[in-house]
Structure formats: structure tokens, C-alpha cells
Amino acid sequence: MFELNPYLLFLMGAILLYYSSELLVSNSILISEKFNIPRILIGGTIIALGTSLPEIVVSILANLKGSSNIAIGNIIGSNIANIGLVFGICILFKKIRVDKNDNEINYNLIWLLLFTIIFFFIIKSSSIYNIQGLVLIILYIFSFLLMIKYFLINYEGSSGNHNSNSLIIFIKLMFGSILIYFGSNFFIDGAIGISNLLGIYDLSIGMTIVAFGTSAPELIASLNALKKNENMLVIGNIIGSNIANIIFAAGISSLISTIYFSYEELFIYNYLMLFITIIFVLIIFLLKKIHKAYGLLFISVYFIFIYLNFYIN
């Protein structure tokens, strides 16, 4: 039945990805509070990794299934969507004040820009080899250790929720991981089936429909954080998610199997990913308050990206 109904399969996968991501994120936060993990690690690592799990699993499974266009398209499309769509909608929803004294955010912005530039040049080689993926992962570990050394060494926090049952939290995390796996499989197979039925190029499907679906957790998590006036958590989530997409979705996928693709079909989107990341970094660095006009700017860039996808491909 699923093979005959790719739309149903795609919808089931999207629903599973949404709820499994919510399950992982909420229980990751409980763990961080229970074991007194500071806020910077929540937004930049725990929540970012939790909301990026759909992109990571989808890209890995798509590459293993031989759909490298969906794998690489999902990474580029998700990074553009996280800034253009997610951050753009957040700014339209509410003005964001930037804490200029938050050195942790500035530190992570520098690494986001660095990883994006490295990824930009890696893509130009029309493949992502094992050694390149390994270098990305080693660099990430290095940046993470530096962050712990310089920003967490003097951290003093209060203990969180000690009444939570660690076993139940762990079981929920495992259950969420299982749902992520099955949801990603359904999601990919549905996306491939839809592209075949409609005659739409799988690269376009990967960069738009699949990328939008896997970016939904970032949107939900960011809007929820914004409602609680956690402005820096919103920024940290987007920074961490984009870094996670590059390091884990591309890095781990390439360690399992080399990713091959045609750069001629990607060069416009590669430059667009670099461009929107640079604009994002500059705005966070230079402005104290990000007004709604910038939200329109980011969303406009995202719609240009969507138009180019279907017009060119």
C-alpha cells in the first residue's frame, strides 16, 4: 500500500519525525536540568542536535539508498531554511534583542561561518570523501572542547529537576530515536515516490520538501523559545542546528559511504547557502535589536531559493 501511496508514506514520515523530535528535545532538556548542564549547551548542542536529528538520519539513509542528491540537497536546503525561513519567521513573530556580552554566541557564530566556508569548498569538489568527513568531525570536537574549557570552567548553576525518573527519560529517548529511524525511512521513500510520480528532479525535492520537513522541529523549538523570551536560545538553536547538519549529516554520511553529486547542479545553492550564512552572522554581530524588516529579508531570500529550485531543475 505504501509503495502505491507515496503521499501517505511522506505524511506518515513527517508526523513521526515531528513527534519523535519533540520527544527527544523535551527529554534532552530534562536531562540537562537534572544533571545541571548550562544553558549554552542546551541551545547549541542538546536542542540543536535533537532538532537536527531528522536531517542527520534522512541524509545518512538517503546516501545509503543511493539517493545522494536528496542527501546533499537536504543539508544545503535545511541550512538555508533554518536561517531564511525559521529565523525569518521568528523575527516577524517578535523582535529579537541580541546580547552583545554573550561571548558564547559570538564564539559559535565564528565556528558556524568557518564550518560553512569549509563545507562550501568541499562541495565544489563534487564529492564528500571519508577523510573530509573525518576532518569536519575532528574540527567540531576541537571547537566543543575549547568551548568547555573557556566558557564552562567557571559555570555555577543550580540543580534542576531531581524528581525526574532517569530510567523513564532514557526510555523516552530510546523510543524517540526509534521513531526517528522509521520516520526518516518513510519520509525518504515517500519523497522519492512523489518525485517519480510528478517528474520532479530529486535534488529539488531534497532541497525543498524534504529540507522543509526536517527543519520543522527547529521552527517549533525556536518559536517556543521566543514565546519564553529566550532570544539567545533561538539564535543558539539555529547556529547549533546548521553546524550539526554540516558535521553530522554530511560528516557521518561520508564516513559510511562517499557522497557523489554534480556540482554544476549545486553551485547556485552553494553560493546562496554561504551568502545567507554571512548575512546572518553579520546581523547578529552588528545589531543590538533585529527588527521585522530583516525577517522579510531572510524570508525573501528563502523564496528566491525555492523559485530557483523549481525554475532551474
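Note that the numbering runs from 1 along the sequence shown for the chain.
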Asks: Keeping the roles fixed (side chain from T116, backbone from L274), state whether a donor-acceptor pair exists under 3.5 Å.
Replies: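 No.
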Asks: Apply side chain to side chain contact (heavy atoms under 4.5 Å, CB included) to residues L266 and K124 and explain how you reach the verdict.
Replies: CA-CA 9 Å; L266 285 171; K124 297 184 76 170; over 6 Å; no
Asks: So which heavy atom on I70 is nearest to which on A62, and how close?
Replies: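 I70 and A62 have their closest heavy atoms at CG2-CB, 3.9 Å.
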Asks: For N63 and S68, work out which heavy atoms get closest and say how close.
Replies: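 In this case the closest contact between N63 and S68 is OD1-CB, 4.2 Å.
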Asks: Check whether more than 12 heavy atoms from other residues, nucleotides or ligands sit under 6.0 Å from atom CZ of F261, and answer yes or no.
Replies: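 Result for CZ/F261: enclosed.
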Asks: Using the rule given for side chain to side chain contact (heavy atoms under 4.5 Å, CB included), can you reason through L255 versus I137, listing the C-alpha separation, both sets of side-chain angles and the distance that settles it, and then say yes or no?
Replies: CA-CA 10 Å; L255 287 181; I137 292 172; 3.4 Å; yes
Asks: Which pairs pass side-chain hydrogen bond (donor to acceptor under 3.5 Å, both in side chains) with one or both residues in residues 70-82, sequence neighbours excluded?
Replies: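 Sorted result for residues 70-82: S59-N74, N74-S78, N74-T214, S78-T214, N79-N245, N82-S215, N82-N242.
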Asks: Please round to the nearest 0.5 Å and tell me the distance separating atom OH of Y263 and atom CD1 of I123.
Replies: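 Answer rounded to 0.5 Å: 8.0 Å.
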Asks: Which residues pass the ring pair (Phe, Tyr, Trp, His ring centres under 6.0 Å) test with F115, sequence neighbours left out?
Replies: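 With sequence neighbours excluded, F115 shows a ring pair (Phe, Tyr, Trp, His ring centres under 6.0 Å) to W111, given in chain and number order.
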Asks: Please lay out, stage by stage, how L92 and I89 fare under the test side chain to side chain contact (heavy atoms under 4.5 Å, CB included).
Replies: CA-CA 5 Å; L92 287 180; I89 289 177; 5.5 Å; no
Asks: In chain order, what residues pass the side-chain contact (heavy atoms from CB on, under 4.5 Å) check against I122, with sequence neighbours excluded?
Replies: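 Testing I122 for side-chain contact (heavy atoms from CB on, under 4.5 Å), a comparison that skips the adjacent residues, returns I118, I128, Q132, L136.
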Asks: Any chance you could measure I56, atom CD1, to L61, atom CG, to the nearest 0.5 Å?
Replies: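 These two atoms lie 11.5 Å from each other.
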Asks: Going from CE on M207 to CD1 on I75, what distance comes out if it is rounded to the nearest 0.5 angstrom?
Replies: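 Between M207 CE and I75 CD1, I get 10.0 Å after rounding to 0.5 Å.
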Asks: Going by heavy atoms in the side chains, are M273 and F305 under 4.5 Å from each other?
Replies: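 In short, these two side chains do not touch, never coming nearer than 4.5 Å.
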Asks: Return the set of residues passing side chain to side chain donor-acceptor pair (under 3.5 Å) with T258 (not counting sequence neighbours), or none when no residue passes.
Replies: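 Checked T258 against side chain to side chain donor-acceptor pair (under 3.5 Å); matches are N130.
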Asks: Quick one: does K288's side chain get under 4.5 Å of V98's, heavy atoms only?
Replies: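 With C-beta onward as the side chain, the pair stays apart.
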Asks: Please give me the minimum heavy-atom distance between A250 and F119, naming the atom from each residue.
Replies: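 So the two residues come closest at CB-CE1, 3.7 Å.
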Asks: Check whether Y107 reaches the backbone of S143 with its side chain - one donor and one acceptor, N or O, closer than 3.5 Å.
Replies: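 Confirmed, Y107 side chain pairs with S143 backbone.
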Asks: Mind checking what makes side chain to side chain donor-acceptor pair (under 3.5 Å) contact with K94, not counting sequence neighbours?
Replies: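 K94: side chain to side chain donor-acceptor pair (under 3.5 Å) contacts with N229.
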Asks: Give every residue pair that meets the ring pair (Phe, Tyr, Trp, His ring centres under 6.0 Å) criterion with at least one member in residues 56-96, sequence neighbours excluded.
Replies: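 Output for this query lists F87-F280, F87-F298.
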Asks: Find out whether K95 and I290 are in side-chain contact, i.e. whether some heavy atom of one side chain is under 4.5 Å from a heavy atom of the other.
Replies: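 With C-beta onward as the side chain, the pair stays apart.
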Asks: When rounded to the nearest 0.5 angstrom, what distance separates CD1 in I259 from OG in S253?
Replies: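 Between atom CD1 of I259 and atom OG of S253 there are 4.5 Å.
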Asks: Mind checking side-chain contact (heavy atoms from CB on, under 4.5 Å) for I256 and listing every partner two or more places apart, or none if nothing turns up?
Replies: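 For I256 the side-chain contact (heavy atoms from CB on, under 4.5 Å) partners, ignoring immediate neighbours, are I60, L64, I252.
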Asks: Under the side-chain contact (heavy atoms from CB on, under 4.5 Å) rule, collect the residues that match up with L167, sequence neighbours excluded.
Replies: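 In terms of side-chain contact (heavy atoms from CB on, under 4.5 Å), with neighbours along the sequence ignored, L167 is linked to N165, I171.
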Asks: When you group the ILVMFWY residues by side-chain heavy-atom contacts below 4.5 Å and let the links chain together, are F175 and I168 in the same group?
Replies: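 No: no chain of side-chain contacts under 4.5 Å links I168 to F175.
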Asks: Indicate yes or no: at least one non-hydrogen side-chain atom of T277 is less than 4.5 angstrom from one of I80.
Replies: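 They are not in side-chain contact.
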Asks: Measuring from I15:CD1 to F10:CZ, what's the distance to the nearest 0.5 Å?
Replies: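 One finds 11.0 Å between CD1 of I15 and CZ of F10.
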Asks: Which distance, rounded to the nearest 0.5 Å, do you find between the CG of N270 and the CD1 of I72?
Replies: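 It is 8.5 Å, given to the nearest 0.5 Å.
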Asks: Quick one: does S125's side chain have a donor or acceptor within less than 3.5 Å of a partner on S127's backbone?
Replies: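 Yes: the side chain of S125 pairs with the backbone of S127.
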Asks: Checking T208 now: which residues fulfil side-chain contact (heavy atoms from CB on, under 4.5 Å) with it, not counting sequence neighbours?
Replies: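 Per chain and number, T208 pairs via side-chain contact (heavy atoms from CB on, under 4.5 Å) with I306, N309, F310.
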Asks: Kindly indicate whether the side chain of Y260, heavy atoms from C-beta on, has any atom under 4.5 Å from the side chain of Y129.
Replies: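 Counting from C-beta outward, Y260 and Y129 do come under 4.5 Å.
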Asks: Under the ring pair (Phe, Tyr, Trp, His ring centres under 6.0 Å) test, which residues partner F120, sequence neighbours left out?
Replies: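 Ring pair (Phe, Tyr, Trp, His ring centres under 6.0 Å) list for F120, sorted by chain: Y271.
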Asks: How would you list, by chain and number, every residue that makes a side chain to side chain donor-acceptor pair (under 3.5 Å) with S262, sequence neighbours excluded?
Replies: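 Once residues adjacent in sequence are excluded, the partners of S262 under the side chain to side chain donor-acceptor pair (under 3.5 Å) criterion are E264.
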Asks: Write down the atom of I96, the atom of C90, and the distance for their closest heavy-atom approach.
Replies: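 Closest approach of I96 to C90, heavy atoms only: CD1-CB, 4.5 Å.
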